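Below is one structure; the comments refer to it alone.
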Amino acid sequence: MTTTIATPTTTTTTTTLAIGGMTCASCAARITRRLNKVDGVEATVNYATEQAVVTAPDTVTIEYLVAEVEALGYTATPPARPSAAHDAPADDEGPSDPHLAGLRQRLVASVLLGVPVLALSMVNTLQFTYWQWLTLTLAAPVVLWAAWLFHRAAWTNLRHAAATMDTLVSVGTLAAFGWSVYALFRGTAGMPGMKMGFTIRLERGAGRNELYLEVACAVIMFLLAGRYVEARAKRSSGAALRRLLDLGAKDVAVLRDGHEVRVDVAQLAVGDRFV
């Protein structure tokens with residue numbers, strides 16, 4: 001959506017950009033600060049709707065605003081033509097969303113592989129000989145593949161000297177996985193007959209036989225579930241808004257040469273007199 005406002009000194013344009021790649025409210029705050037640093041620009045970014053409302057002088061192009069957002073590691077899509085909005089599917093069961101489908105695949109894989117890791121690590125009676133190596137095999141795809149969304153976002157933020165929730169998730173899960181690998185190959189956790197239970201006392205050198213693979217898997221499973229539910233909620237709410245927009249008028253009566261002419265709303269131009 002673009003609205004042009006003329007003032008005695010300059011002309012400003014209000015543009016709505018679709019922002020992609022945000023994972024938390026701090027991402028929206030970073031984009032807002034970056035856009036507001038541009039001379040004459042006033043911007044607000046909404047994390048819930050994944051949109052940026054930018055008011056900028058005509059000297060600042062949409063391409064420049066998009067480049068500023070992409071410089072932070074996010075994506076920005078210029079406003080679509082009005083006619084394209086009416087052609088968009090109004091049903092949330094329409095064409096599949098690649099982002100939603102990807103989240104579903106990662107969530108299902110993390111649950112199928114992570115639940116056995118939790119069971120083997122928490123239930124002492126299930127720990128058979130060399131059970132710890134099976135948990136490593138199951139946990140590796142969860143930490144390295146299913147959680148790739150968090151690792152990629154953390155690396156992007158690191159390149160821009162910033163930290164978000166994804167940074168905490170990435171560092172925490174990789175630390176738990178890395179220490180477990182060290183304990184298995186360099187410590188005593190890989191010995192046959194190794195059992196892992198609950199202890200209250202702290203003993204010197206006890207960490208060399210402790211595994212934290214279940215911690216990494218549990219964190220990733222819960223966060224992916226939250227991301228998936230959030231993505232579905234956004235998709236459903238967006239479909240509801242599209243259905244409301246479809247209830248609006250599709251054509252309009254325009255006065256031209258003293259006569260009313262019915263035209264599509266997308267054909268309205270600045271200066272038209274219409275009903």
Side-chain angles (χ1 to χ4, degrees), residues 21-24 26-27 30 72-73 99 101-230:
M22 294 189 298
T23 56
C24 60
S26 63
C27 297
R30 289 181 58 208
L72 293 176
H99 175 65
L103 281 176
R104 185 188 303 112
Q105 291 177 352
R106 295 177 188 275
L107 175 59
V108 171
S110 64
V111 170
L112 293 178
L113 298 176
V115 169
V117 175
L118 286 172
L120 288 172
S121 301
M122 304 300 291
V123 182
N124 190 271
T125 55
L126 298 179
Q127 296 173 0
F128 52 88
T129 305
Y130 294 120
W131 66 272
Q132 62 273 39
W133 296 100
L134 175 61
T135 60
L136 176 64
T137 305
L138 296 175
V142 178
V143 176
L144 302 179
W145 176 77
W148 177 246
L149 298 175
F150 305 107
H151 304 322
R152 182 179 58 189
W155 172 247
T156 301
N157 293 324
L158 180 62
R159 288 165 50 196
H160 296 89
T164 63
M165 184 190 69
D166 296 296
T167 307
L168 300 176
V169 175
S170 178
V171 172
T173 54
L174 288 178
F177 182 79
W179 179 263
S180 300
V181 172
Y182 169 80
L184 284 170
F185 287 94
R186 302 290 295 179
T188 59
M191 301 297 293
M194 178 267 191
K195 296 286 185 178
M196 190 171 68
F198 295 96
T199 58
I200 299 178
R201 295 185 306 168
L202 295 178
E203 299 179 2
R204 183 183 298 273
R208 292 172 58 86
N209 63 353
E210 294 292 337
L211 302 179
Y212 300 96
L213 297 173
E214 77 282 1
V215 176
C217 291
V219 170
I220 293 169
M221 283 191 296
F222 283 116
L223 289 177
L224 283 177
R227 289 280 179 89
Y228 178 71
V229 172
E230 180 185 36

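When a residue number appears, it is its place in the shown sequence, counting from 1. None of the values given here were measured: they were computed from a predicted structure.
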Would you compute the distance between atom [atom1] of [X] and atom [atom2] of [Y] and round it to the nearest 0.5 angstrom?
{"X": "Leu118", "Y": "Leu126", "atom1": "CG", "atom2": "CG", "answer": "12.0 Å"}
{"X": "Ser121", "Y": "Gln132", "atom1": "OG", "atom2": "CD", "answer": "10.0 Å"}
{"X": "Tyr182", "Y": "Leu211", "atom1": "OH", "atom2": "CG", "answer": "13.0 Å"}
{"X": "Thr135", "Y": "Leu120", "atom1": "OG1", "atom2": "CG", "answer": "7.0 Å"}
{"X": "Met221", "Y": "Glu214", "atom1": "CE", "atom2": "CD", "answer": "10.0 Å"}
{"X": "Leu174", "Y": "Leu144", "atom1": "CG", "atom2": "CG", "answer": "7.5 Å"}

Does the side chain of [Y] come within less than 4.5 Å of [X]'s, by heavy atoms?
{"X": "Thr167", "Y": "Leu158", "value": "no"}
{"X": "Thr23", "Y": "Arg227", "value": "yes"}
{"X": "Thr173", "Y": "Phe150", "value": "no"}
{"X": "Trp145", "Y": "Ser110", "value": "no"}

Shortest non-hydrogen contact between [X] and [Y], atoms and distance:
{"X": "Leu224", "Y": "Ala146", "result": "CD1-O, 3.8 Å"}
{"X": "Ala216", "Y": "Ala176", "result": "CB-CB, 4.2 Å"}
{"X": "Thr129", "Y": "Gly193", "result": "CG2-N, 4.2 Å"}
{"X": "Cys27", "Y": "Thr164", "result": "SG-CG2, 4.1 Å"}
{"X": "Arg104", "Y": "Tyr228", "result": "NE-OH, 3.2 Å"}

- Message: Applying side chain to side chain contact (heavy atoms under 4.5 Å, CB included) to Leu149 and Leu103, what does each step give before you reach the verdict?
- Response: CA-CA 9 Å; Leu149 298 175; Leu103 281 176; 3.4 Å; yes
- Message: According to side chain to side chain contact (heavy atoms under 4.5 Å, CB included), who are the partners of Trp133, at least two apart in sequence or on a separate chain?
- Response: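 Trp133: side chain to side chain contact (heavy atoms under 4.5 Å, CB included) contacts with Tyr130, Leu136, Leu184, Phe185.
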- Item | Residue list, side chain to side chain contact (heavy atoms under 4.5 Å, CB included) with Val229, at least two apart or on another chain |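 Applying side chain to side chain contact (heavy atoms under 4.5 Å, CB included) to Val229 gives none.
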- Return yes when atom CH2 of Trp155 has more than 12 non-hydrogen atoms of other residues, nucleotides or ligands closer than 6.0 Å, and no otherwise.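 No, not enclosed.
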- Message: So, using ring pair (Phe, Tyr, Trp, His ring centres under 6.0 Å) as the criterion, who are the partners of Phe128 when residues are at least two apart?
- Response: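 Ring pair (Phe, Tyr, Trp, His ring centres under 6.0 Å) check on Phe128 returns nothing, list empty.
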- Relative to the ring of Trp148, is the ring of His151 parallel (under 30°), tilted (30 to 60°) or perpendicular (over 60°)?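 Perpendicular.
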